[in-house]
Amino acid sequence: MTNGWTLAIDTATGINVGLAKNGEAVASAREESTRKHVELTQQLVNQTLDQAGIEFKDLSQVAVGVGPGPFTGLRVGIVTGTTIASMLKIPVRGVCTLDAISLGVEGAQDRFVVVTDARRKEIYWASYDRQGKRDGEPQVSIPEEVEQVPVYGPGVSVYPTIFNCGKDLQLDAGLLAARLELLPDVGLSPIYLRKPDAKLPATRKSTLGHRRITLPEIK
């Protein structure tokens, strides 16, 4: 367990920001909107720091969700988290978003699956053993192809007739920050599972304009 403050950011499923200190969740915020990721991610990070009563300089490490998720939203969280870590010269770890959601599964009696909405009538998913360890790579498929085991995650509410016995479980960024050391470090490359519909711009401009730190804009 890393001592000090951990900031977690994930924008693969909505916008999720959380803080933990010495392995204990302290604050979290979530925004369902999939629009204005740059502005809203910035606001939630500042809001969460304010809630905990700390500044950027107090952070010891950063965790970022690297998907799977949609290209446009996913890259905002990754760039935001890595930029904060770079400017503060602190470690940053990438985690699979499905792994982060799995932290909230309690009392699993057997293997289970975590699902999120991939749009285009498909879902992102991964399977886990009863201890919560992922036993395969993340997948994208139609919902009907998911294993017939207990299902958790925000994808459940998107396909309620298919996952009628599943549980709609949202990512808890505070829990992610607190239990970061339990998850494998998957690196900082985004997990798209599809060819991106857009490309990163050649240059980025500063937009945060906030009292604490300056982050790059992503258009």
Side-chain angles (χ1 to χ4, degrees), residues 5-20 28-49 56 59-103 114 116-119 124 126 134 137-138 140 154 170-177 180 183-208 210 212-219:
W5 289 95
T6 298
L7 170 69
I9 302 171
D10 189 294
T11 54
T13 60
I15 303 169
N16 302 275
V17 178
L19 277 170
S28 63
R30 175 176 174 79
E31 173 57 58
E32 297 283 350
S33 174
T34 57
R35 300 179 182 274
K36 298 184 178 180
H37 275 82
V38 174
E39 297 89 338
L40 293 176
T41 302
Q42 164 197 324
Q43 291 174 9
L44 288 190
V45 169
N46 291 334
Q47 172 186 320
T48 306
L49 291 171
F56 277 96
L59 297 175
S60 298
Q61 69 174 348
V62 178
V64 293
V66 298
F71 180 78
T72 303
L74 182 59
R75 60 183 179 162
V76 174
I78 295 173
V79 171
T80 300
T82 54
T83 300
I84 291 171
S86 176
M87 296 183 73
L88 297 174
K89 294 180 174 57
I90 58 176
V92 56
R93 291 183 58 185
V95 299
C96 173
T97 297
L98 299 171
D99 292 353
I101 295 172
S102 76
L103 291 172
V114 173
T116 63
D117 184 18
R119 304 174 187 173
Y124 298 119
R134 179 158 46 85
E137 294 300 315
V140 60
Q170 301 294 329
L171 190 152
D172 183 335
L175 186 63
L176 168 57
L180 177 61
L183 300 181
D185 185 343
V186 300
L188 298 172
S189 297
I191 303 173
Y192 298 129
L193 300 185
R194 287 190 184 132
K195 184 177 180 180
D197 295 324
K199 296 181 179 180
L200 283 170
T203 60
R204 302 187 181 102
K205 300 178 182 178
S206 171
T207 73
L208 187 54
H210 197 272
R212 291 198 178 96
I213 202 165
T214 300
L215 301 178
E217 178 182 10
I218 300 186
K219 296 182 177 179

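These figures come from a predicted structure and were not determined experimentally. When reading the values below, keep in mind they use all heavy atoms of this one structure, side chains included, and skip hydrogens, waters and symmetry mates.
- Between P70 and A12, the shortest heavy-atom distance links the atoms CD-O, 3.6 Å.
- Of all heavy-atom pairs spanning C96 and V186, the tightest one is N-CG2, 3.6 Å.
- Minimum heavy-atom separation, V76 to T80: O-OG1, 2.7 Å.
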* Check against side chain to side chain contact (heavy atoms under 4.5 Å, CB included), T97 and I191 -> CA-CA 9 Å; T97 297; I191 303 173; over 6 Å; no
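- Judged by distance alone, the side chain of S86 and the main-chain N or O of T82 form no donor-acceptor pair under 3.5 Å.
- No donor-acceptor pair under 3.5 Å is formed between the side chain of T48 and the backbone N or O of G18.
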* To do: Please assess V95 against L180 for the test side chain to side chain contact (heavy atoms under 4.5 Å, CB included), listing each intermediate value before the final yes or no.
  => CA-CA 8 Å; V95 299; L180 177 61; 3.5 Å; yes
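- With hydrogens and angles ignored, the 3.5 Å screen pairs a side-chain donor or acceptor of T11 with a backbone N or O of G77.
- We find the CG-OG distance between L171 and S102 to be 9.5 Å, quoted to the nearest 0.5 Å.
- Applying the side-chain hydrogen bond (donor to acceptor under 3.5 Å, both in side chains) test between N16 and each of E31, Q170, R30 identifies R30 as the sole match.
- The OG1 atom of T13 sits 10.0 Å away from the CG atom of L74 when rounded to the nearest 0.5 Å.
- Heavy-atom minimum distance, S60 versus P91: O-CD, 3.2 Å.
- Going from atom CG of L49 over to atom CD1 of I84 covers 7.5 Å, rounded to the nearest 0.5 Å.
- Within 6.0 Å of CD in E39 there are more than 12 heavy atoms belonging to other residues, nucleotides or ligands.
- Under the 3.5 Å distance criterion, the side-chain polar atoms of R75 are left unmatched by any main-chain donor or acceptor of P190.
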* To do: Check the pair D99, V114 against side chain to side chain contact (heavy atoms under 4.5 Å, CB included), reporting the backbone distance first and the verdict last.
  => CA-CA 8 Å; D99 292 353; V114 173; over 6 Å; no
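- Looking at every heavy atom in both residues, D185 comes nearest to G94 through OD1-O, 3.4 Å.
- For the pair P138 and A126, the tightest heavy-atom approach, listed with the atom from each and the gap, is CA-CB, 4.2 Å.
- Atom OG1 of T41 and atom CD1 of I9 lie 7.5 Å apart (nearest 0.5 Å).
- Annotation: the span from L19 atom CG to L59 atom CG amounts to 6.5 Å, rounded to 0.5 Å.
- Between P154 and D117, the closest side-chain pair of non-hydrogen atoms is not below 4.5 Å.
- Once rounded to the nearest 0.5 Å, the distance linking CH2 of W5 with CZ of F56 reads 13.5 Å.
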